Amino acid sequence: MEVIDRTDCGKVRDHNEDHVGIFKNVNGDVLAVVADGMGGHLAGDVASKMATERLHQLWNEEGKIATPEQAEQFFKEKIKMINSEIFRHASENEEYFGMGTTLVAAVCTDKFVTIANIGDSRCYLANENGMKQLTDDHSLVNELVKSGQISKEDAEHHPRKNILLRALGTEKNVDVDVMTISFEEGDYLLLCSDGLTNMVTDGEIAQILLSEGNLEEKADRLIQLANDHGGVDNISLIIVYHHNKEVGEIHANWETNQ
């Protein structure tokens, strides 16, 4: 397994409210997290940082996750706990009132990947068969698309595109979507904020992921393309690649639980 992350302020925003993290435990499993903060000046940064750091802490405290059921239970329990903590922090501090964050996270093992998401940050799977979006956007425009009121093309330019129906920390209780897929040799997993997907098409993303080159080059090309197309938001991504053979080193900035 090879993993890399990138986060970039973009060309318009003066502050990055995204947080990313790649964390490896003693069993060799990887937790990947992308959080896109929201809620006013600096408040979004606080929410996304809290979500990422707290999930990392709870991951370090977790024992070996050997089955998809264990991974799904981990996400369901811990994310609801984190939601309560962010909501309480916002309620007790006026400057953070209403803050929240999207969250897309994945527990990655050699056999399976379990994904959790809240909001409109996304997870994609790409391989020789193409690329598909695994997560469902919790946004107003996506609900309009699903109900047949607007087309997917209309959604791309809808004036209320950024309205979320679900986020972490904005309400006392939250529902989290959790799913598990098999993880096979040659698979690419992409976790990203909407700063990427609002600027770069799925076709462009797939072309870069499945092209020749190492993960560093692919990650940098995705960030650059989002900026070339306007870079109107913070851009964050994590790429996880299931190697065709074991490698001794994982190229990522993570902390190892000793």
Side-chain angles (χ1 to χ4, degrees), residues 1-13 15-24 29-37 48-49 51-52 55-56 101-108 113 115 117 119-128 130-135 181 183-256:
M1 206 183 329
E2 186 179 357
V3 189
I4 193 151
D5 62 10
R6 290 287 187 272
T7 186
D8 188 87
C9 195
K11 298 179 70 175
V12 175
R13 303 289 179 88
H15 182 69
N16 193 344
E17 294 191 332
D18 291 358
H19 274 82
V20 300
I22 303 170
F23 311 110
K24 181 185 177 185
D29 299 327
V30 173
L31 172 68
V33 183
V34 172
D36 180 357
S48 61
K49 184 178 180 180
T52 304
L55 197 55
H56 175 206
T101 182
T102 71
L103 179 75
V104 61
V107 169
C108 306
V113 171
I115 303 143
N117 83 288
D120 61 358
S121 292
R122 294 178 179 177
C123 182
Y124 292 87
L125 177 69
N127 53 37
E128 60 183 9
M131 188 180 80
K132 63 179 178 179
Q133 181 180 337
L134 300 176
T135 53
I181 61 168
F183 198 40
E184 301 175 352
E185 292 180 354
D187 283 350
Y188 289 89
L189 199 73
L190 172 69
L191 288 72
C192 60
S193 65
D194 68 343
L196 177 68
T197 54
N198 283 342
M199 296 288 101
V200 184
T201 68
D202 285 5
E204 290 170 326
I205 292 172
Q207 184 176 25
I208 291 173
L209 283 180
L210 298 173
S211 66
E212 294 294 325
N214 59 43
L215 287 198
E216 288 88 348
E217 293 169 341
K218 295 178 181 185
D220 290 341
R221 286 172 62 193
L222 287 169
I223 295 290
Q224 186 60 53
L225 189 57
N227 279 321
D228 289 346
H229 289 178
V232 300
D233 198 358
N234 308 145
I235 310 154
S236 296
L237 62 89
I238 294 174
I239 305 172
V240 185
Y241 176 55
H242 195 310
H243 266 291
N244 291 324
K245 59 182 180 178
E246 290 294 325
V247 293
E249 181 180 356
I250 298 176
H251 303 288
N253 295 320
W254 58 37
E255 295 180 35
T256 302

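None of these values were measured; they are calculated from a predicted model. All heavy atoms count here, side chains included; hydrogens, waters and symmetry mates do not.
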**Request:** Could you tell me whether the side chain of Ser236 and the main chain of Val34 form a donor-acceptor pair under 3.5 Å?
**Result:** no
**Prompt:** Is the backbone of His15 close enough, under 3.5 Å, to the side chain of Asn234 for a donor and an acceptor to pair up by distance?
**Reply:** yes
**Request:** Could you tell me whether Glu204 atom CD has more than 12 heavy atoms of other residues or ligands within 6.0 Å of it?
**Result:** yes
**Message:** Minimum heavy-atom separation for Ile235 and Gly10, please, with both atom names.
**Reply:** CD1-CA, 4.2 Å
**Message:** Just so I know, are the side chains of Lys218 and Leu222 near enough to count as touching, which here means a heavy-atom distance under 4.5 Å?
**Reply:** no
**Prompt:** Is any side-chain heavy atom of Leu189 less than 4.5 Å from a side-chain heavy atom of Val113?
**Reply:** yes
**Item:** Considering all heavy atoms, the nearest Ser193-Ser121 contact
**Value:** CA-OG, 3.6 Å
**Message:** Rounded at 0.5 Å granularity, tell me how far CE in Met199 sits from CD1 in Ile223.
**Reply:** 12.5 Å
**Message:** With rounding to the nearest 0.5 angstrom, report the CG to CG distance, Leu191 to Asn117.
**Reply:** 9.5 Å
**Fill in**
The side chain to side chain contact (heavy atoms under 4.5 Å, CB included) partners of Ala219 (sequence neighbours excluded) come to Ile4, Arg6, Leu237, Ile239
**Message:** Rounded to the nearest 0.5 Å, what separates atom CG in Leu31 from atom CG in Leu55?
**Reply:** 5.0 Å
**Prompt:** How long is the span from the CG atom in Leu134 to the CZ atom in Arg122, to the nearest 0.5 Å?
**Reply:** 11.5 Å
**Message:** Would the distance check show the side chain of Ser48 and the main-chain N or O of Thr101 forming a donor-acceptor pair, the cut-off being under 3.5 Å?
**Reply:** no
**Straight-line distance of His19 NE2 to His56 NE2, nearest 0.5 Å** = 13.5 Å
**Request:** Quick one: list whatever passes side chain to side chain contact (heavy atoms under 4.5 Å, CB included) with Asn127, sequence neighbours left out.
**Result:** Leu125, Asn129, Asp187
**Asked** Which atom names give the shortest non-hydrogen contact between Phe183 and Tyr241, and what distance separates them?
**Response** CZ-C, 4.4 Å
**Asked** Considering all heavy atoms of both residues, which atom of Leu209 and which atom of Tyr188 are nearest to each other, and what is their separation?
**Response** O-CZ, 3.4 Å
**Asked** Can you name the closest pair of heavy atoms from Gly230 and Val12 and give their distance?
**Response** O-CG2, 4.0 Å
**Asked** Just how far is it from atom CE of Met1 to atom NE2 of His242, taken to the nearest 0.5 Å?
**Response** 7.0 Å
**Prompt:** Are a donor atom and an acceptor atom from the side chains of Thr7 and Asp18 found within less than 3.5 Å of each other?
**Reply:** no
**Asked** Quick one: are Tyr124 and Asp202 in side-chain contact, heavy atoms under 4.5 Å?
**Response** yes
**Asked** Passes side-chain hydrogen bond (donor to acceptor under 3.5 Å, both in side chains), Gln224 versus Asp228? Steps please.
**Response** CA-CA 6 Å; Gln224 186 60 53; Asp228 289 346; 2.7 Å; yes
**Asked** Any idea which heavy atoms bring Ala35 and Thr52 closest together, and the distance?
**Response** CB-OG1, 3.8 Å
**Residue list, side chain to side chain contact (heavy atoms under 4.5 Å, CB included) with Asp233, at least two apart or on another chain** = Arg13, Asp36, Asp194
